[in-house]
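Residues: numbered from 1 along the sequence shown.
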Amino acid sequence: MTTLTQTRPRASRAGGARLDPFRATTFTKAMLGLAIFLSIFPIYWMIIIATRSNEDAHSMPPPFLPGGNLGENIQAVFDAENAHFMTGIINSIIIASTVTIGIVLISTLAGFAFASLNFRGRNLLLLSVVLTMMVPLQQMGIVPLYQMMVTLGWTNTLKAVILPFLVNGFGVFLMTQYTRQAVPRELVEAARVDGANTLRIWWNVAVPAVRPGMAVLAIQTFMLIWNEFLWPLIILTPDNPTVQVALRALNDRYSTNYVLIFAGTTISIVPLLLVFVLFGRQIIGGLMEGAVKE
């Protein structure tokens with residue numbers, strides 16, 4: 001494994017000044033700053049409104065400094081009778097964590113098989129996995145899926161939300177491509193010559209090499225499942241929701257309490273921020289792995 005490097009061209013001089021083609025211009029810095037501002041400002045304003053009263057949410061000009069009502073608003077979110085917000089957070093943590101572990105495990109195993117093992121029909125099976133990414137299976141199959149859960153007696157249970165998401169075509173495809181780059185075929189053959197079986201080769205050779213890719217897939221999957229709304233809304237009852245369904249229940253039938261909604265949304269993004277903080281280095285490592293080739 002060698003690092004792919006790029007020869008940096010010599011900087012030329014124009015009028016006695018040294019020109020660096022890799023140095024960001026003022027315009028580039030301004031555009032990056034604008035992009036960062038546009039990305040962060042909605043989250044910042046959401047948190048600001050979560051600390052204020054409902055009248056401040058409708059005031060003009062809108063407030064841009066935090067208030068002192070954050071604790072009161074958070075307590076109101078948890079006290080909302082129709083939302084069952086605490087139940088929603090617990091259910092979402094259980095569902096997102098279970099699905100994330102399942103998808104990462106299955107995708108890593110399948111990716112190793114497709115990338116490093118030789119068996120009949122390998123390319124056809126991988127093509128079938130890629131084809132599943134082109135069809136919105138959940139939207140097209142939501143009626144038969146609901147009928148299946150009714151037949152099994154799984155309605156209003158967390159396993160009815162977990163099971164349909166345990167296999168993900170994108171995860172299998174991602175880990176297949178990642179394993180092809182990170183795990184040389186020669187290394188697998190050497191481990192097999194030393195007497196290691198397939199499962200041990202996967203655990204001792206493949207998993208350490210593809211760990212950054214596993215972390216990136218885990219974060220993407222956790223975010224996707226955490227933000228899932230349609231299927232939990234259909235299969236679960238209002239008193240046993242996920243966090244996204246609970247946020248919807250904070251919206252009153254005749255009026256919109258922006259403070260409660262923004263306070264609930266602020267609480268709901270905390271687990272996502274914790275996941276990014278914990279696995280941020282693995283994300284960077286996964287991105288930098290693209291600069292490595294055999």
CZ on F222 to CD1 on I93, rounded to 0.5 Å: 6.5 Å

V216 with I101, same ILVMFWY side-chain cluster at under 4.5 Å: no

Measure the OG1-CD1 distance between T242 and I94 for me, rounded to the nearest 0.5 Å. 12.0 Å

Could you give the distance from CG (N69) to CD1 (I49), rounded to the nearest 0.5 Å? 11.0 Å

With a cutoff of under 4.5 Å between side-chain heavy atoms, which Ile, Leu, Val, Met, Phe, Trp and Tyr residues group with V193? none

Apply ring pair (Phe, Tyr, Trp, His ring centres under 6.0 Å) to Y146 and list each qualifying residue two or more places apart in sequence or on a separate chain. none

Compare all side-chain heavy atoms of F85 with those of L247 and state whether any distance is below 4.5 angstrom. yes

N/O donor to acceptor pairs below 3.5 angstrom from side-chain atoms of residues 258-267, sequence neighbours left out:
residue: T265; atom: OG1; partner: I261; partner atom: O; Å: 2.7
residue: T266; atom: OG1; partner: F262; partner atom: O; Å: 2.7

Within one Ile-Leu-Val-Met-Phe-Trp-Tyr cluster: L224 and I219, side-chain cutoff 4.5 Å: no

Check: V275 and M223 side chains under 4.5 Å, non-hydrogen atoms: no

Determine whether L274 and L217 fall in the same hydrophobic cluster, where Ile, Leu, Val, Met, Phe, Trp and Tyr are linked whenever their side-chain heavy atoms lie under 4.5 Å apart. no

Residue pairs fulfilling side chain to side chain donor-acceptor pair (under 3.5 Å) with at least one residue in residues 26-45, sequence neighbours excluded: T25-T28

Members other than L233 in its cluster, when Ile, Leu, Val, Met, Phe, Trp, Tyr link by side-chain heavy atoms under 4.5 Å? F229, V245

Taking N240 for its side chain and L236 for its backbone only, find out whether a donor-acceptor pair lies under 3.5 Å. no

Among side-chain atoms of N156 and T237, is any donor-acceptor pair under 3.5 angstrom? yes

Shortest non-hydrogen pair, P241 vs A83, comes out as CG-O, 3.7 Å

Hey, can you pull the donor-acceptor pairs under 3.5 Å for the side chains in residues 104-121, sequence neighbours left out?
residue: S107; atom: OG; partner: I103; partner atom: O; Å: 2.7
residue: T108; atom: OG1; partner: V104; partner atom: O; Å: 2.5
residue: N118; atom: OD1; partner: R122; partner atom: NH1; Å: 3.4

How would you list all residue pairs meeting side chain to side chain donor-acceptor pair (under 3.5 Å) that involve residues 70-79, not counting sequence neighbours? Q75-D79

D194 side chain vs A196 backbone, donor-acceptor pair below 3.5 Å: no

Linking I/L/V/M/F/W/Y whenever their side-chain heavy atoms sit closer than 4.5 Å, directly or via other members, would L272 and V77 fall into one cluster? yes

What are the two closest heavy atoms between T51 and P66, and how far apart are they? OG1-CA, 3.4 Å

Apply side chain to side chain contact (heavy atoms under 4.5 Å, CB included) to the pair E228 and Q244, showing each step before the final yes or no. CA-CA 7 Å; E228 180 63 32; Q244 303 302 329; over 6 Å; no

Which distance, rounded to the nearest 0.5 Å, do you find between the CD1 of I269 and the CZ of F276? 11.5 Å

The test is side chain to side chain contact (heavy atoms under 4.5 Å, CB included); show your working for W226 and I95 and say whether it passes. CA-CA 8 Å; W226 185 267; I95 293 170; over 6 Å; no

Pairwise side chain to side chain donor-acceptor pair (under 3.5 Å) hits with a residue in residues 80-90, at least two apart: none

Which heavy-atom pair separates V161 from P232 by the least distance, and what is that distance? CG1-CG, 4.1 Å

Indicate the atoms forming the closest heavy-atom contact of T100 with A218, along with that distance. CG2-O, 3.5 Å

To the nearest 0.5 Å, what is the distance between CZ on F64 and CD1 on I48? 9.5 Å

Residues two or more places apart in sequence or in another chain: which of them pass side-chain contact (heavy atoms from CB on, under 4.5 Å) with A160? M149, W154, T157, I235

Quick one: CZ on R192 to CG on N197, what's the gap to the nearest 0.5 Å? 8.0 Å

Check the hydrophobic clustering (I, L, V, M, F, W, Y; side-chain heavy atoms under 4.5 Å; chains of links allowed) and say if M134 and L174 are grouped together. yes

Excluding sequence neighbours, so at least two apart, what forms side-chain contact (heavy atoms from CB on, under 4.5 Å) with N204? R200

Walk me through it: do N168 and T221 pass the test side chain to side chain contact (heavy atoms under 4.5 Å, CB included)? CA-CA 9 Å; N168 183 273; T221 302; 6.0 Å; no

Holding to ring pair (Phe, Tyr, Trp, His ring centres under 6.0 Å), I want the full list of residues that pass it with F37, two or more places apart in sequence or in another chain. F41

By side-chain contact (heavy atoms from CB on, under 4.5 Å) - contacts of L127 (at least two apart): L131

Take atom CE in M148; do more than 12 heavy atoms of anything else shown fall under 6.0 Å from it? no

Set out, in order, the CA-CA distance, both residues' side-chain angles and the distance that settles side chain to side chain contact (heavy atoms under 4.5 Å, CB included) for F173 and T132, then state yes or no. CA-CA 11 Å; F173 178 75; T132 61; over 6 Å; no

Mind listing the closest non-hydrogen atom pair of A206 and V183 along with its distance? CA-CG2, 3.9 Å

